[in-house]
Amino acid sequence: MRIATWNVNSLSVRLPQVLDWLKANPVDVLGLQELKLTDDKFPYDAFEAEGYHAVTYGQKTYNGVALITRKPADDVVRNIPSHEDVQARVIAGTVETHTGPLRVINCYFVNGQEPGSEKFTYKMKWLGALENWVRGEMQKHPRLIVMGDFNVAPEDRDSFDPVGLKDTIHHTVEERTYFQNMIGLGLTDAYRMFEQPEKSYSWWDYRMLGFQKNRGLRIDHILVSDALKGSVSACTIDRAPRKNKQPSDHAPVIVTLD
DNA sequence: ATGGCCTCAGATTGAGGA
């Protein structure tokens, strides 16, 4: 089975591209981020027509997440329990698979704007709350995936300019420490389980011909629990949709579980 | 040159993204 994550940067604008991508890549689970629309505007019918269920947690203008699944998702949770938040950033659900239930936590992590800013403080608090919650979820759901737009480039090799961008947003020690703390809970970055091309990124700035020059960051991740690790047979970034007209600035990341 | 581009709300600009 295949599970994917994609920050679509407005589902209203990107819906045709998402549907086209699903036709070409009929994954079992697709986590979407940055819907930028409320649930009453979510195009449930369009996904149903492609054979998918959708559970959503939308918001006007900003943020918003969804899980698009072949089989209905159960035990759906929206945002981090016990963490008060007006921003819709998390949707989790459990789907049945031929090897047992699979818990998927799909997240749009806080951007943080700039170290030292209020938004950065909010990012750190949010990351701490997520870590605490995921620690408990791992106990309840051994077969767990945490995925989404992490807004963190975990290592220097995940950035097109680790020297010039040192200590800037996505690159700070604080953010990278939180990423490693998540790994320390017993999760593995599926992409780094395999040999990958040099300069592999999942996001490219719209400006400055970022994609054409491959000036990007790898900030979209799929983390798998130890119980799943043995069945992971591939993890790739699909750069193709970034070449579309009116693309999202993010590319989908896909993991294959046997 | 500290901005370049894209989206949204709602206005002819500003916020936010990363």
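Computed from a predicted model, the values in this text were never measured in an experiment. Numbered from 1 within each chain, the chains take letters A, B, ... in sequence-line order.
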Please report, rounded to the nearest Å, how far the P atom of B:dA18 is from the CG atom of A:N7.
6 Å
Please give, in whole Å, the distance from B:dT7 P to A:Q59 CD?
18 Å
Between A:Y206 and A:E34, which is nearer to the 5' end of DNA chain B once each is assigned its nearest nucleotide?
A:Y206
With sequence neighbours left out, what residues match A:A129 under side-chain contact (heavy atoms from CB on, under 4.5 Å)?
A:I80, A:H83
Near-strand residues of residues 237-252 of chain A, defined as heavy-atom separation under 4.0 angstrom from DNA chain B:
A:Q246, A:H250
Going by side-chain hydrogen bond (donor to acceptor under 3.5 Å, both in side chains), name the pairs with one or both residues in residues 223-236 of chain A, residues two or more places apart or in two chains.
A:S233-A:D258
Using whole Å, what does the distance between atom C1' of nucleotide B:dC5 and atom CG of A:L209 come to?
11 Å
To the nearest Å, how far apart are A:F211 CZ and B:dC5 P?
18 Å
Within this structure, what is the CD-to-C1' distance between A:Q212 and B:dG4, rounded to whole angstrom?
13 Å
Kindly work out whether a path of hydrophobic side-chain contacts (I/L/V/M/F/W/Y, heavy atoms less than 4.5 Å apart) joins A:F211 to A:Y201.
yes
What nucleic acid atoms does A:N63 come within less than 4.0 Å of, heavy atoms only: base, sugar-phosphate, or nothing?
nothing
Ordered by number, residues from residues 157-175 of chain A within less than 4.0 Å of DNA chain B (heavy atoms) are A:H170
Using the rule that two of Ile, Leu, Val, Met, Phe, Trp, Tyr join whenever any of their side-chain heavy atoms come within less than 4.5 Å, decide whether A:L22 and A:V8 are in one cluster.
yes
I need the CH2-C1' distance between A:W204 and B:dG17, as an integer number of Å.
17 Å
Are OP1 or OP2 of B:dA18 and a side-chain N or O of A:R207 less than 4.0 angstrom apart?
no
Pairs in or reaching into residues 53-80 of chain A: which pass salt bridge (charged side-chain N to carboxylate O under 4.0 Å, His left out), with residues at least two apart or in two chains?
A:D75-A:R103
Whole-Å C1' distance, B:dG4 and B:dG17:
14 Å
With ring-ring contact (aromatic ring centres under 6.0 Å, His included) as the rule and sequence neighbours excluded, what pairs involving residues 3-32 of chain A come up?
A:W6-A:W21
Length of the CE-P vector between A:M208 and B:dC6, whole Å
12 Å
Using whole Å, what does the distance between atom P of nucleotide B:dA18 and atom CG of A:D205 come to?
10 Å
Taking the C1' atom in each of B:dG10 and B:dG16, what is the distance between them to the nearest angstrom?
16 Å
What interatomic distance, in whole Å, is found between P of B:dA18 and the corresponding atom of B:dT7?
14 Å
Has the side chain of A:N111 got a donor or acceptor atom sitting under 3.5 Å from an opposite partner on the base of B:dA18?
yes
How would you list, by chain and number, every residue that makes a ring-ring contact (aromatic ring centres under 6.0 Å, His included) with A:Y57, sequence neighbours excluded?
none
Within the structure shown, what part of the strands sits under 4.0 Å from A:R215 by heavy-atom distance: base, sugar-phosphate, or nothing?
nothing
Which pairs count as salt bridge (charged side-chain N to carboxylate O under 4.0 Å, His left out) when at least one residue sits in residues 155-183 of chain A, sequence neighbours excluded?
A:K123-A:E175, A:E155-A:R157, A:D156-A:R176, A:D158-A:R192, A:D158-A:R218
If I pick the C1' atom on B:dA1 and the same atom on B:dT12, what distance separates them, to the nearest angstrom?
25 Å
Residues pairing under ring-ring contact (aromatic ring centres under 6.0 Å, His included) where one sits in residues 147-167 of chain A, two or more places apart or in two chains, turn out to be A:F109-A:F150, A:F150-A:F179, A:F150-A:H221
What residues form a ring-ring contact (aromatic ring centres under 6.0 Å, His included) with A:F47, not counting sequence neighbours?
A:F42
Below 4.5 Å, heavy atoms only, C-beta onward: do A:E137 and A:V146 meet side chain to side chain?
no
A:Q246: what forms a side-chain contact (heavy atoms from CB on, under 4.5 Å) with it, not counting sequence neighbours?
A:V13, A:R14, A:Q17
If a protein heavy atom is under 4.0 Å from the base, mark B; if only from the sugar-phosphate, S; if neither, -; do that for nucleotides 9-16 of chain B going 5' to 3'.
S------S
